[in-house]
Amino acid sequence: MADVAEEMDLQVEAKNQKEMDLAKMRHSASHVMAQAVLEKFPDAKLAIGPAIDTGFYYDFDLPRTLTPEDLDGIEQRMKEIAAEGHEFQRDEIPRDEAVEFFKDQPYKLELIEDLPDDEVISRFTHDSFVDLCRGPHVENTSKIGHVRLLSVAGAYWRGDEKRPMLQRIYGTAWPTEQELEEFLQRLEEAQRRDHRRLGRELDLFSVSEEIGAGLILWHPKGAMVRHLVERFETDEHLKRGYNIVYTPHIASEAIYKRSGHLETYSENMYKPMDIEGSPFYLKPMNCPGHVMIFNSDVRSYRDLPVRYAELGTVYRYERSGTLHGMLRVRGFTQDDAHIFCRPDQLQGEIAGVLDLAMYFAEVFGYEFEIFLATRPEKSIGSAENWEAATTALSDALKSKDLVYKVEEGEGAFYGPKIDIKFLDSLGREWTGPTIQVDFNLPERFDANYIGEDGNRHRVAMIHRTVLGSMERFVGGLIEHFAGAFPVWLAPVQALVVPIADRHGEYAMSVADRLRTAGLRVEVDDGSDRMQAKIRRGQMQQVPYMLVVGDKEAEADAVAVRLRSNENLGAMPIDDFVGNANQVIESKSLELMP
RNA sequence: GCCGAUGUAGCUCAGUAGGCAGAGCAGCUGUUUCGUAAACAGCAGGUCGGCGGUUCGAGUCCGCCCAUCGGCUCCA
């Protein structure tokens, strides 16, 4: 038993080894791809070609833009090179020789220039292709795995928009054909779940060119999902001692001067509008408003902590090319809150937020990963404050027995933070809760409280969100559940399906009873055959389809079909209502108790 | 914003060589009244993303603009 930890270590090591092998294989595949590209375009300038989580890429400066047909040809040639089994050979060369050797490759020259003086410069050669590379590589080109080229995209040299735009070819490589197929199927599955596609198919939301890019129109069904999430969110906050506040959507320039947003955040703020000669801004953040509420009165240490929560709608400028469905928008509603407390209350307050975050993760069925970001190089606030706040964050995490990873220097300039990433049912990461300690705003707004000693003290401030924004969160939910929301969130929970016209009246009476019992119900009283009605219900991911015909009308029953394709047969209406309400009240992810 | 691609009916898409704008699904009307994932027939539906240009004639060719999609973070 003593060896459990050791066993775990071995597993971690094995996992790391596997990842390294995969990266080695993929990076080697990128070299083979570069050879194929260079054969096709002898004048190509090579940039970099690393392995990434999903495969690999290589950036090229080419005489013309690539087409999908080019990719087919390049992939074909890669397979030939792989079949020929050329050995990867490493050699080291002095810096001046490297400069001479890569004299026609400006990007490689720049890379060499940036290498530290004492760095060994190495090349890898296979067949006719030589690349500046640290390695490592697989032994020969036959070991690059099962490769598929995926897409071509623009990418700035070194990610810098002031530098040349290169062409990047993305590919993936896997040890076996089967793993490649599984990966491609996961890609398809992700496409099938895309919230933009499901948003249209399930009539949840849309974006109108005439309203404007990056601005979400919530249709009744999507709005219902959002409403239910918000209601749950609000109830939980009230239970946990938060006070709800509302702050305006626009505010005068003065406040953003004082908060510092005009200095540090103006890139994301819209141009001001003129109100009787004074500039007003659309609010990009809710914090200044909450601070003003805190400052509207003298606060005693006995009043603290104060927790202001707002489903606050903010508007931020995002560059047109970065917009993405509901996930990256220009106007969105945060489930925002600011906690004002004494420094000695920080840890407890942070623990409270963690508790809430963990509860939400559980209810929505997300796994999660936690990151603690510490003081960056450029920062404000005293070393003692940073130390105390960072300790409060980590102690709060420890008090909840939560495992976390420290990200040194990744905190905001105004304070350390905890970032929690939700992992959805496909294992993909989503922005989750964040908890930030803020040293900046209390200073700028002189936010304080009267202590036991009768003196003024600087208040401690926590900025936190649990769901992020309603747009991003609901967009994430759509993909997480592939549109099949748990019953408590389903916009339509039950679809009553009369078999023939003569059952219409009974169907209506069933629907009325269910509505009275609090369920969201629709009746499909069209002249389609039952099969067609069920099909529509299935495609709309309605959890319960209630078929009613002669037998059911006679027995005061409904025949319950679940969207999981299970047919439960006839059930007294009261039994169905009891079951459904149990599922709904418990926010179960199952369809039946 | 930048690179590339795309934009035709509510949705998915076809449209050949520049010569009267099409299909399936959805919608509407009628027939059918049916027991667990698509009944049958008919009808209607379009500023071909927008603006400008070339042409006798533009969905098709050219220019500008808008929007959408894939990227621009994973650093030999």
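Below, read A as the first sequence line, B as the second, and so on, with proteins coming before strands; counting in each chain starts at 1.
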Is A:His503 touching bases, backbone alone, or none of the nucleic acid, heavy atoms closer than 4.0 Å? nothing

At under 4.0 Å between heavy atoms, what does A:Lys551 touch on the DNA or RNA strands: base, sugar-phosphate, or nothing? base

More 5' along RNA chain B: A:Met165 or A:Ala213, using each one's nearest nucleotide? A:Met165

Classify the side-chain pair A:Asp21/A:Gln17 by whether it contains a donor and acceptor separated by less than 3.5 Å. yes

Across the strands shown, which category fits A:Ile112 at heavy-atom distances under 4.0 angstrom: base, sugar-phosphate, nothing? nothing

A cation-pi test, strictly: NZ or CZ of A:Arg123 under 6.0 Å from the centre of the six-membered ring of A:Phe101 and no more than 45 degrees from its axis. Yes or no? yes

What interatomic distance, in whole Å, is found between P of B:G52 and the corresponding atom of B:G59? 14 Å

Between B:U33, B:U36, B:A76, which nucleotide gets closest to the side-chain atoms of A:Ile121? B:A76

For B:G10, the Watson-Crick or wobble counterpart (both distances under 3.5 Å): B:C25

Roughly, in whole Å, what's the span from OH in A:Tyr57 to P in B:C72? 8 Å

Would you mind reading off the distance between A:Asp528 atom CG and B:C40 atom C1', rounded to a whole angstrom? 12 Å

If you look at every strand shown and take non-hydrogen atoms under 4.0 Å, does A:Ile534 touch a base, only sugar-phosphate, or nothing? base

Reckon A:Arg123 touches a base, only the sugar-phosphate, or nothing at all at heavy-atom distances under 4.0 Å? nothing

Any base atoms under 4.0 Å from A:Leu111, or only sugar-phosphate, or nothing? Heavy atoms, all strands. sugar-phosphate

Pick base, sugar-phosphate or nothing for A:Gln538, based on heavy-atom distances below 4.0 Å to the nucleic acid. base

Taking atom types as modelled, is there a side-chain donor on A:Asn140 or A:His126 under 3.5 Å from an acceptor on the other? no

Which part of the nucleic acid does A:Glu113 contact within heavy-atom distance under 4.0 Å: base, sugar-phosphate only, or nothing? nothing

For A:Ile211, does the CD1 atom have more than 12 heavy-atom neighbours from other residues, nucleotides or ligands under 6.0 Å away? no

A:Ala559 near the nucleic acid: base, sugar-phosphate alone, or nothing, with a heavy-atom cut-off under 4.0 Å? base

Please confirm whether A:Lys421 makes a cation-pi placement over A:Phe371, using NZ or CZ under 6.0 Å from the six-membered ring centre and within 45° of the ring normal. yes

For A:Ser320, which contact category applies under a 4.0 Å heavy-atom criterion: base, sugar-phosphate, or nothing? base

A:Phe124 near the nucleic acid: base, sugar-phosphate alone, or nothing, with a heavy-atom cut-off under 4.0 Å? nothing

Which part of the nucleic acid does A:Val120 contact within heavy-atom distance under 4.0 Å: base, sugar-phosphate only, or nothing? base

Measure the distance from CD on A:Glu566 to C1' on B:A37 and round it to the nearest whole Å. 15 Å

Nucleotide B:C2, atom P - distance to CD of A:Gln167 in whole Å: 17 Å

Rounded to whole Å, please give me the gap between CG in A:Asp53 and P in B:G71. 14 Å

Looking at the base of B:A39, is there any donor atom on it, or on the side chain of A:Arg529, that sits under 3.5 Å from an acceptor on the other one? no

If we count only N and O atoms by modelled type, under 3.5 Å, do the side chains of A:Gln540 and A:Arg563 hold a donor and an acceptor together? no

Can you tell me how far C1' of B:G71 sits from OH of A:Tyr58, to the nearest Å? 19 Å

Interatomic distance, A:Arg200 CZ vs B:G7 C1' [rounded to whole Å]: 13 Å

d(CZ, A:Arg536; P, B:A37) in whole Å: 14 Å

Do A:His137 and A:Ser28 pair up side chain to side chain, a donor and an acceptor below 3.5 Å, judged on atom types alone? yes

A:Asp131 side-chain proximity, nearest of B:A76, B:C74, B:U68: B:A76

Counting only side-chain heavy atoms from C-beta out, which of B:U31, B:U36, B:A76 sits nearest to A:Ser527? B:U31

Between A:Tyr317 and A:Arg535, whichever has its closest RNA chain B nucleotide further toward 5' is A:Tyr317

Ignoring hydrogens and angles, does a donor from either the side chain of A:Glu552 or the base of B:G35 sit under 3.5 Å from an acceptor on the other? yes

Which nucleotide, B:G4, B:C2, B:C75, lies nearest any side-chain atom of A:Thr65? B:G4

Taking the P atom of each, how far is B:G27 from B:A5, in whole Å? 38 Å

